[in-house]
Amino acid sequence: MQPAPTTNDRYDFKTIEQRWQRRWEEEKTWKVSHRSDQPKYYVLEMFPYPSGRIHMGHVRNYSIGDVIARYKRMQGFNVLHPMGWDAFGLPAENAAMKRGIHPAAWTYDNIDYMRGQLKAMGLSYDWDRELATCRPDYYRWEQQLFLKMLAKGLIYRKETTVNWCNDCQTVLAREQVIDGACWRCDQPVLPKTMYGWFFKITGYAEELLADLDTLTGWPEKVVTMQRNWIGKSTGLACDFRIEDSDQAIAIFTTRPDTIFGVTFMSLAVEHPLIDTLVQGKPQEEAVRAFVRDTVLAKQRASLDQELDKRGVFTGSYCLNPFTGERVPIYVANFVLMEYGTGAVMAVPAHDQRDFEFARAYGLPIRVVVQPEGEPLDPAAMTEASEGPGVLVNSGPFTGMDSTEAKQAIIVEAERQRFGSAHVTYRLRDWGISRQRYWGAPIPVIHCDHCGIVPVPEADLPILLPGAGEPTGSHSPLHQQPDFIATTCPSCGRPARRETDTLDTFVESSWYFARYTSPGLDSAPIDRKAAAYWLPVDQYIGGVEHAILHLLYARFFTKMLRDLGYLEVDEPFTNLLTQGMVIKDGAKMSKSKGNVVDPNELIEQYGADTVRLFSLFAAPPERDLEWNAQGVDGAFRFLNRVYRMVVSQRACFDQPATVDLDALNAPSRALHRKTHQTIRRVTESIESNFHFNTAISGIMELVNLVAAPVDEPVDDAVLREALETILTLLFPMAPHFCEELWQVTGHERALNDAAWPVFNAEAAKEDEITIVVQVNGKVRTKLQVAADTDEHTLRRLAVAEEKVAKMLAGQEPKKIIVVPGKLVNIVV
RNA sequence: GCGAGAGUGGUGAAAUUGGUAGACGCACUGGACUUAGGAUCCAGCGGGCCAGCCCCAUGGGGGUUCGAGUCCCCCCUCUCGCACCA
């Protein structure tokens, strides 16, 4: 038994939290199996990168997930709630270089520390399913999946131009090039042509796009972002034959209706035909110089900066397939090689970029789509006319509506066999090669005789060399001769291992499936377990992963389905993108110096207070402004409940059977409020996880219990109210509630209790307030029985003194009665 | 430029989806109990004439309605994402 606290006492969170955490750990309270008759529920928070210590963003993310997990358990679900570590990546290598330790040592130390922090928060994970992507028992299965995908043609190797830092000897991601220089050593970044491995995500572009419509449990924002990222365009692919040559320039356009308005052709500086086109022409030197300068300028320019439209004539012409007209070919700095074909048919009258270019170089502007209203005069135009209209100067299509003409012109191009309907995506294949050490080695071998040979599955895993010993080398693999040297599995001759490692996004693309089969050592995924658990019912994480991670995970799910591992089309049924944690108006970050350390908070207030505050301060999808005094408030609330329960625990000697007929007024009011609170809290969680309003509902009930009363409240009613408070609050403040549950004499743990069900009859008000409005403005209020009929309400309202005064003897024009709510009298 | 979202007290936010605007909390003010209060309890707390359920008030302006924070139109501001995508 606890000593009765004096008013100065704070509840002893430290002892309480440690006691329950120890018990949960010993009893493996949240261990689950897919062999269950209960309905399943899979709740998952995006796993963390083991950077060193958890931050407030983690605290918020995992608090939200934990409340959902605990709530769903109490609702009778078999809940899968796992945790792991997204453990490969560059920070480990940087830290290793700086401190002279191995990336593996740094990573595992961080994992151990952070695991302790998560346990101190009392999060209800099935720790037996913990995984770390840098461990061979994870990445060996990723290597196996790689081989299966390679065999199925889902992975290929090609040569591309990458950003290369010579000092760091590695490829840089686009985000790591700052003003044309390496983010780490500030040396200029060079374009380098090299081979790399790619996932054929474009092969799934259409399905990835179409299935977005099924993701009704995702924020619209994220769906839209993915849709834009995939960027589907439909139009005409068409060839413009080069004059005096048997070659042609392939173009793609979404505006075939403007093809009669083409007055020049623009090529990207990287276009492969440029060499042929300028060879021996007087313009050759000028074009080559322009290409050189533009390539450099593009690199130097920051990514969000639009360059002035510039270009140069190649001296060559191509022919418009519809008119046979000669079209001068230019090389232009604004044409992207990565999109479409790298060649653009230029229609300056109806495309703003072409318009600017034409004006700069004195090229003709020909109107072929006349919008409604004033006829367009090319000489007077100040910008391109990009809207719809009626075709003019367009041969047989003249007079046609531009929308219809799009289709008609495609049909004609197909008939004459120089073009066809075509779909283009903005999405590009996913480059997964990294020239770094701390990642999963790509399991292939290069043989001079056999070419690229997959590593036989029996030889997996291809271990990361040196990761086992603390002093092992962590140079990039291409600098490790012992790793490279091998023999060809096919012909047995000396061969070289692939030295690229996989992009870390590959690991996070399937971890949610691996959680269903922890420790399985015969396959990456147990099909039965995956079929039971997947899809993830509720996924929770930051919106910063809206595109990359969430798109890759969707892509992987579809590949794994096609390989026979999974039975689902989509990995995450519902997605909650939680807002950032803000302090002093900015995201918490070391560089801004506004970080709040969760450890210190837990030390000072306990985990339950920290959880409660982060759930109470804002709804989960919104940014949360950190407020130290708000934390105090949450702590104060828990202390208040603690004192309340302990001081009134005598009521727990009574059974909680409420005899409605015997209740006095305050008892009836509390009984009613109790059931109203159950309803409100349940609905708040159920509809949109708005824990902030759920908690305020509980606070109201607590306030009512504490409110002074004329007559003593019935013990059974009091007990019901206190038990309800503890049960509803349990998912948010689990140690606290579990402790008080035990203190008040319960034998079974609150963790095993069922979520309370509200009694509609008990929640019903028997007397309600009716608002009386005159012309829509509140003038007075009526206290009436809840079941007062409309006629009576009308009579009572008109009889009110105040209303009578405003009526001044006139008949009301109209009286609107909303039963249970208000009466509005229109004068 | 395109797309998405958001503007409510001093402050974080509520508002059963068209029905009492500001629940709940923080801050603040006054009081009680105290050697003390940064503990606890009680009371107050959008603005105004503070006289009252009187008037004004949900970024601004119109509209629909008996009634609008909520629905429609126009405008302003902020945040996020994409961005020369042919």
Base, sugar-phosphate alone, or nothing: which one does [X] contact when heavy atoms must sit under 4.0 Å apart?
X	result
Asp623(A)	sugar-phosphate
Glu220(A)	sugar-phosphate
Asp354(A)	nothing
Phe637(A)	nothing
Pro619(A)	sugar-phosphate
Gln773(A)	base
Val335(A)	base
Arg636(A)	sugar-phosphate
Val344(A)	base
Lys813(A)	nothing
Val771(A)	base
Gly231(A)	nothing

Short side-chain N/O contact to [N] OP1/OP2 from [X], under 4.0 Å:
X	N	answer
Lys221(A)	G5(B)	no
Ser233(A)	A86(B)	yes
Arg622(A)	G12(B)	no
Arg10(A)	U40(B)	no
Asn692(A)	A14(B)	yes
Lys777(A)	C56(B)	yes
Asn703(A)	G25(B)	yes
Arg779(A)	C55(B)	yes
Arg643(A)	C41(B)	yes
Arg640(A)	C24(B)	no

Nearest-angstrom distance, [atom1] atom, [N] to [M]:
N	M	atom1	result
C45(B)	G9(B)	C1'	10 Å
A39(B)	C28(B)	P	10 Å
C74(B)	U64(B)	C1'	15 Å
G22(B)	U70(B)	C1'	15 Å
G12(B)	U17(B)	P	27 Å
C53(B)	G44(B)	P	14 Å
A68(B)	U58(B)	P	11 Å
G31(B)	G19(B)	C1'	38 Å

task: Give me the ring orientation class for Tyr552(A) and Trp430(A): parallel if the planes are under 30° apart, tilted from 30 to 60°, perpendicular past 60°.
output: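 Answer is parallel, since the angle falls under 30°.
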
field: Aromatic ring pairing Tyr361(A)/Tyr330(A), orientation class (parallel under 30°, perpendicular over 60°, tilted between)
entry: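 Tyr361(A) and Tyr330(A): tilted rings.
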
Ignoring the backbone of [X], work out which of [options] is nearest its side chain.
X	options	value
Ile547(A)	G25(B), G81(B), A14(B)	G81(B)
Lys814(A)	C24(B), A15(B), C66(B)	C66(B)
Thr769(A)	U20(B), G25(B), A13(B)	U20(B)
Arg353(A)	C24(B), C84(B), C26(B)	C84(B)
Thr254(A)	A86(B), G12(B), C82(B)	A86(B)
Ile816(A)	G3(B), A13(B), G19(B)	G19(B)

Carboxylate-amine/guanidinium contact [X] [Y], below 4.0 Å:
X	Y	value
Asp787(A)	Lys764(A)	no
Glu625(A)	Lys583(A)	no
Asp766(A)	Arg672(A)	yes

message: Syn or anti for U17(B), given that syn means the glycosidic angle lies within 90° of 0?
response: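 What U17(B) shows is a syn base, its glycosidic angle lying within 90° of 0.
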
Applying a 3.5 Å limit to both distances, which nucleotide forms a Watson-Crick or G-U wobble pair with [N]?
N	result
A23(B)	none
C82(B)	G1(B)
U58(B)	none
U34(B)	none
U70(B)	none
U29(B)	A43(B)
A51(B)	none

- prompt: Taking the side chain from Arg554(A) and the backbone from Leu208(A), do they hold a donor-acceptor pair closer than 3.5 Å?
  reply: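 Between the backbone of Leu208(A) and the side chain of Arg554(A) there is a qualifying donor-acceptor contact (under 3.5 Å).
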
message: Quick check on RNA chain B: between Tyr339(A) and Gln629(A), whose nearest nucleotide comes earlier from the 5' end?
response: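 The residue whose closest nucleotide sits nearer the 5' end is Gln629(A).
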
query: Nearest nucleotide by nearest heavy atom, which residue falls closer to the 5' end of RNA chain B, Asn228(A) or Asn333(A)?
result: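 Of the two residues, Asn228(A) wins.
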
His422(A)/Phe252(A) aromatic ring centres below 6.0 Å: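 For His422(A) and Phe252(A), the ring centres are under 6.0 Å apart.
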
task: Decide whether Glu683(A) and His690(A) meet the rule of one side-chain donor and one side-chain acceptor closer than 3.5 Å.
output: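 Absent: no donor and acceptor within the cut-off.
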
field: Separation of atom CD in Gln578(A) from atom C1' in C80(B), rounded to whole Å
entry: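 Rounding to the nearest Å, CD of Gln578(A) and C1' of C80(B) are 15 Å apart.
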
Distance, rounded to the nearest Å, where Lys821(A) contributes NZ and A15(B) contributes C1':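 To the nearest whole Å, that distance equals 11 Å.
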
- request: Grab the two heavy atoms, one from Phe637(A) and one from Leu729(A), that are nearest each other, plus how far apart they are.
  value: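 Closest approach of Phe637(A) to Leu729(A): CE2-CD2, 4.0 Å.
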
field: Residue pair Phe691(A) / Ile64(A): nearest heavy atoms and the distance that separates them
entry: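 So the two residues come closest at CE1-CG2, 3.9 Å.
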
